[in-house]
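Chain identifiers are assigned alphabetically (A, B, ...) following the order of the sequence lines, protein sequences preceding nucleic acid strands; residue numbering begins at 1 within each chain. These numbers come from a predicted model, not from an experiment. We use all heavy atoms of the structure for the numbers below, so side chains are in, but hydrogens, waters and symmetry mates are not.
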There are 2 protein chains.
Amino acid sequence: MRIGELAARTDTPRRLLRYYEEQGLIVANRLPNGYRDYDDAYVDRVLQIRGLLDAGLPTRIIKQILPCLNKPRQIHFDDALPETLALLASERDKMTARISCLTRNRDAISEYLEIVSRTPASTTG
Amino acid sequence: MRIGELAARTDTPRRLLRYYEEQGLIVANRLPNGYRDYDDAYVDRVLQIRGLLDAGLPTRIIKQILPCLNKPRQIHFDDALPETLALLASERDKMTARISCLTRNRDAISEYLEIVSRTPASTTG
DNA sequence: TTTGACCTTCACATCGATGTGAGGGTTTCA
DNA sequence: TGAAACCCTCACATCGATGTGAAGGTCAAA
């Protein structure tokens, strides 16, 4: 598919798809006329990138962790340099911290909403 | 405590503490000489703000959800406007989405690291 | 009383993610 | 052939979070 379809299917501006490519997060084949050509798998990949960006990870980090995500059973040992492994472990820990922070605060919001919804409405304000 | 101590105890640049105040996330008392004066409770509050920022929430949203986090049992009905409740519910859902995205990817990283760590090192590279 | 370590406000700079549009080529369809 | 809807690169703009420093006030200790 071309960039317009990928943009539509991932609800992502074309501008950002080109930006992600510039940052090395995705690579596009080129049609004879120079247009970008994407495999269906890029839909999930782009959604994953957007999810991670939305969760606070910068493209620089996403680029490092993406290679190990979809092929955990088929390891490229080129990626398994000690520095890379240390970075992965560090990012895993940061993600755990984010998860607990988000969980804690989300649960507090839920509790708040729960209480409010159980409280009878006041007509006087 | 003054801003320097709060900065040290939260590992946060003073600049950012002033920025959070400018954004309405925290409010500082003032000493007679104009210096900011913080209660001990601000340590946790600032850490919470930083955690949420790191998890992708903008200050504008943090400002909206903070009031309901630490007093879920003592509701200010001023805060409980229908629009506010809708925003809270929406943000709660976004946080749930972030949590599942982070969990999924973190677990993939863990699995990758697990496999790598079980693989005997090669001496030839 | 001066030095140093605080604090104040203000303002400009940077950085990453994103918006916007110019200028131009390609393909399709009427 | 020409209009519409794609695509390309390039570049400047914006926005939020953060860095940095100037210019100056306060306070404690030598």
Atom pairs under 3.5 Å, N or O on each side, protein against nucleotides 24-28 of chain C: can you list them with distances?
{"unit_1": "C:dG25", "atom_1": "N2", "unit_2": "A:Tyr35", "atom_2": "OH", "d": "2.7"}
{"unit_1": "C:dT26", "atom_1": "O4'", "unit_2": "A:Tyr35", "atom_2": "OH", "d": "3.3"}
{"unit_1": "C:dT27", "atom_1": "OP1", "unit_2": "A:Asn33", "atom_2": "ND2", "d": "3.3"}

salt_bridge(A:Arg30, A:Asp37) N-O dist < 4.0 Å = no
Atom-pair distance (CG on B:Leu17; C1' on C:dC6), nearest Å = 15 Å
ask   = Nearest of D:dT9, C:dC7, C:dT8 to any side-chain atom of B:Arg30?
value = C:dT8
task = Return the value, rounded to whole Å, for the distance between atom CG of B:Leu31 and atom P of C:dC6.
result = 16 Å
Show each protein N/O and nucleotides 19-22 of chain C N/O combination with a separation under 3.5 Å, one pair to a line.
{"unit_1": "C:dG19", "atom_1": "O6", "unit_2": "A:Arg15", "atom_2": "NE", "d": "3.3"}
{"unit_1": "C:dG19", "atom_1": "O6", "unit_2": "A:Arg15", "atom_2": "NH2", "d": "3.2"}
{"unit_1": "C:dT20", "atom_1": "O4", "unit_2": "A:Arg15", "atom_2": "NE", "d": "3.2"}

query = If only side-chain N and O atoms of B:Thr59 are considered, is one of them under 4.0 Å from the OP1 or OP2 phosphate oxygen of D:dG16?
reply = no
query = Which of these nucleotides, C:dT9, C:dA17, D:dC8, is closest to any side-chain atom of A:Pro58?
reply = C:dA17
query = Can you tell me how far the CD1 atom of B:Ile109 sits from the CG atom of A:Asp93, to the nearest 0.5 Å?
reply = 10.0 Å
note = Here the distance between atom P of D:dA17 and atom CD1 of B:Ile26, to the nearest Å, is 14 Å
task = Under 4.0 Å between any heavy atoms, over every strand shown, what does B:Arg60 touch: base, sugar-phosphate, or nothing? Just pick one.
result = nothing
inquiry  = Can you confirm whether B:Asp11 is buried at CG, in the sense that more than 12 heavy atoms of other residues, nucleotides or ligands lie under 6.0 Å from that atom?
reply    = no
query = When the distance from CG of B:Leu52 to P of D:dA17 is rounded to whole Å, what number comes out?
reply = 12 Å
query = C:dT8 P sits how many Å from B:Glu22 CD, rounded?
reply = 14 Å
task = Mind calculating the distance between OH (A:Tyr38) and C1' (D:dC6) to the nearest angstrom?
result = 14 Å
ask   = What's the closest nucleotide to the A:Tyr19 side chain, out of D:dC8, C:dT18, C:dT8?
value = C:dT18
request  = Output yes when at least one side-chain N/O atom of A:Arg36 is less than 4.0 Å from OP1 or OP2 of D:dC8, else no.
outcome  = yes
key: Any B:Arg14 side-chain N or O less than 4.0 Å from OP1/OP2 of D:dG21   = no
inquiry  = Classify B:Leu53 by what it touches in the nucleic acid, base, sugar-phosphate, or nothing, heavy-atom distance under 4.0 Å.
reply    = sugar-phosphate
key: Contact check, side chains of B:Ile49 and B:Tyr42, non-hydrogen atoms, under 4.5 Å   = no
inquiry  = For A:Arg106 and B:Thr96, which I'm curious about, is there any donor-acceptor pair between the side chains at under 3.5 Å?
reply    = yes
query = How long is the line joining CD1 of A:Ile49 and C1' of C:dT18, in whole Å?
reply = 15 Å
Any side-chain heavy-atom pair of A:Arg36 and A:Arg18 under 4.5 Å = yes
key: Distance, nearest 0.5 Å, that separates CZ of B:Arg15 from CD1 of B:Ile3   = 10.5 Å
request  = Report the residue (B:Gly34 or A:Gln23) whose heavy-atom-nearest nucleotide on DNA chain C is the more 5′ of the two.
outcome  = B:Gly34
message = Quick one, B:Glu21 and B:Leu25 - any side-chain contact, counting heavy atoms below 4.5 Å?
response = no
inquiry  = What is the separation between atom CG on A:Leu6 and atom P on D:dC8, rounded to the nearest whole Å?
reply    = 11 Å
ask   = Can you find a pair of side-chain heavy atoms, one from A:Thr10 and one from A:Arg50, that are under 4.5 Å apart?
value = no
ask   = Considering only C:dC6, C:dT9, D:dT18, which nucleotide approaches the side chain of B:Arg18 most closely?
value = C:dT9
ask   = Of all the choices, D:dT18, D:dC8, C:dC7, which nucleotide is nearest to the side chain of A:Ile3 once you look at every atom?
value = D:dC8
ask   = If we only count heavy atoms from C-beta on, is the B:Arg104 to B:Ser100 side-chain gap below 4.5 Å?
value = yes
